[in-house]
Amino acid sequence: MNIHEYQAKQLLRQFDVPLLDGKPVFTAEDAGVVAYHHFEARGISAIVVKAQIHAGGRGKGIIYDPETNQPRMLFGKQLRGVVVIRPDEYGNVAHKAYLAARQMLGGRLVTHQTGPEGKIVRRLFIEEGAAIKKEFYCSILLDRSRSQNVIMVSSEGGVEIERVAEEQPEKIIQVHVDPTIGCQQFLLRRLAFGLGLEGAAFRSFLTFVERLYRAYEELDCSLLEINPLVLTNDDRFVALDAKVNFDDNALFRHPEYLDLVDTDEEDPLEREAAKYNLSYIKLDGNVGCMVNGAGLAMATMDLIQLAGGKPANFLDVGGGANVERIANGFRIMMSDPNVRAVLINIFGGIVRCDRVANGIMQALEQVKVTVPVIVRLEGTNAKEALEILRASGLNFLLAESFEDAARQVTAALSRSAA
Ligand code: GDP
Ligand code: MN
C-alpha cells in the first residue's frame with residue numbers, strides 16, 4: 001500500500017524524524033491562505049508547493065493541461081510538480097502560491113514514474129523552503145535475500161537511485177540490520193563515516209537515521225525512502241521528500257491506515273478485484289490471463305510474451321479456483337477493453353481440474369466473454385476436465401501443453417488483428 005508524501009511526513013513526525021513545517025491543501029484558495037498565515041505572516045519567505053501524486057520524479061515532471069494537452073505555464077516557465085516560491089516581481093509569497101496552486105491543481109503531471117498518461121493533481125503540500133547545502137539519499141527496505149532490513153545511503157541525493165546504482169555503485173553505502181540485535185550505533189556510524197560526515201552533521205545524521213529506523217519498524221513499512229535527505233546550511237539533516245510503502249501483510253495491525261487510502265490513485269479494476277480477494281494487477285497488454293498460484297501466473301505471463309502477446313493483467317485466483325472466483329476473475333478481465341484473448345492456465349493440485357472445468361462453464365453462464373478463451377488444465381483429473389469442456393459445446397480452445405497454449409494465443413491474436 002502506498003500513501004502520499006504529506007501523509008508519510010505526518011507519520012514520521014510522530015517519531016521525531018526531522019522535517020520541515022508543512023500543510024496539505026486541496027484548493028488554490030487554501031494554498032494562498034496557508035502560504036500567508038502559516039508562512040509569510042510568520043516571517044518565512046521561501047516556500048515550496050508540491051504536487052501530491054503516488055509517483056516520484058515530480059521535481060522534473062511536467063504538468064499538462066488535460067484538455068489541450070499543452071504544458072501549463074507559470075511565471076513564463078513550464079510548470080513542474082515541485083515549485084519553489086520566493087517573493088519577486090510576480091508578487092508576494094501568498095499570491096504566488098495561489099497562482100501556482102491554481103495551475104497545478106487539475107493538471108496532468110507526467111514523470112518518469114507515471115507513464116505517459118500521467119496523474120491528475122488533486123492535492124498539494126505546502127512546505128517551508130530549505131537552505132540546502134547538500135542533497136543525500138537514504139532508504140530502508142527489506143532485503144529478502146538476507147532476511148534482514150538494509151539501510152542504504154548515498155552522497156548522490158535528489159537523483160534516481162537506480163541510476164546511481166548503475167553508474168556509480170561505489171557511491172551507495174549499505175548496512176544490514178540483524179533483527180536479533182536491532183539497529184546499533186556502530187552501524188549508523190559506519191554509514192556516517194562512509195559519507196565522510198564530521199562534527200554537527202555527523203551527530204545530526206545519527207539521530208536522523210536512528211529515528212527513521214524506528215519509524216520503519218513501528219509503522220510496518222516495506223520501504224521508507226528519503227530522497228533527498230538534505231543537509232542544511234546550518235548542518236542539520238532534514239527529510240525533504242518521503243516515500244512510504246507499507247507491508248500489506250501487516251495491514252491488519254494498522255486499521256488506521258485505511259484513512260490514508262486515496263482512491264483516485266488506485267486502478268478501478270484493482271480496487272474491484274480487492275473486494276473479491278483476488279490478487280489482480282492491471283498491465284497494459286492484450287491477453288487476459290487467469291491462473292492459480294503466483295509462480296504459475298508469472299510463468300504464464302512470460303509465455304504470453306514469448307508468444308508475441310503482452311499480458312493484460314496478473315490474476316491469481318488462488319488455490320480454491322471456485323465458480324465465484326472464476327466468474328469474478330472473468331468479469332474483471334472483461335472490463336478491460338484491451339483484452340483480445342484470454343488464457344486460463346490452471347494446475348490441479350489440491351483443486352481438481354474437473355471441478356475447475358465445471359467452474360469455468362458456470363462462470364461463463366454468468367459473464368459474457370466475447371474474445372477467444374484458451375484453456376490449459378493440467379494435473380489431477382485433467383483428462384476428465386477436458387472431456388467436460390469438450391462436451392460443453394462452449395467455444396473453448398483447448399491447449400494440451402504450455403507450448404500449445406502459447407501457439408494458440410498467438411493464433412488467436414493474429415485472428416483478432418485480421
Ligand atoms: P520528487 O521529484 O517527486 O522526488 O520530489 P522531491 O520532493 O524529491 O523534490 C524534488 C526536488 O525539488 C528536490 O530534489 C529538491 O532539489 C527540490 N526541492 C524540494 N524542496 C525544496 C526546498 O525546500 N528548497 C529548494 N531549494 N529545493 C527544494
Ligand atoms: Mn524525491
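Note that these values count all heavy atoms, side chains included, but never hydrogens, waters or copies made by symmetry. Whatever order the structure lists ligands and atoms in, that order sets their numbers, starting from 1.
- For a heavy-atom separation below 4.0 Å, the residues in contact with ligand 1 are Val48, Lys50, Gly56, Gly57, Arg58, Gly59, Val82, Val84, Glu128, Gly129, Ala130, Ile132, Glu135, Asn227, Pro228, Leu240, Asp241.
- Side chains of Glu272 and Tyr276: a donor on one and an acceptor on the other come within 3.5 Å.
- Of all heavy-atom pairs spanning Ala51 and Arg58, the tightest one is O-NH1, 2.9 Å.
- Side-chain atoms of Asn345 and Thr300 include a donor-acceptor pair closer than 3.5 Å.
- Under the 6.0 Å distance and 45° angle rule, Lys282 does not count as a cation-pi partner of Tyr280.
- Within the 2.8 Å limit, Glu225 places no N, O or S atom next to the Mn ion (ligand 2).
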>> Evaluate Gln7 against Gln52 for side chain to side chain donor-acceptor pair (under 3.5 Å), listing each step before the verdict.
In response: CA-CA 10 Å; Gln7 297 168 324; Gln52 300 294 294; over 6 Å; no
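- Asp241 has its closest N, O or S atom to the Mn ion (ligand 2) at the position named OD2.
- No side-chain donor-acceptor contact under 3.5 Å links Arg325 and Asn328.
- Look at Glu218 and Arg214 and you find a salt bridge, because one of the NZ, NE, NH1 or NH2 atoms lies within 4.0 Å of a carboxylate O, short of that distance.
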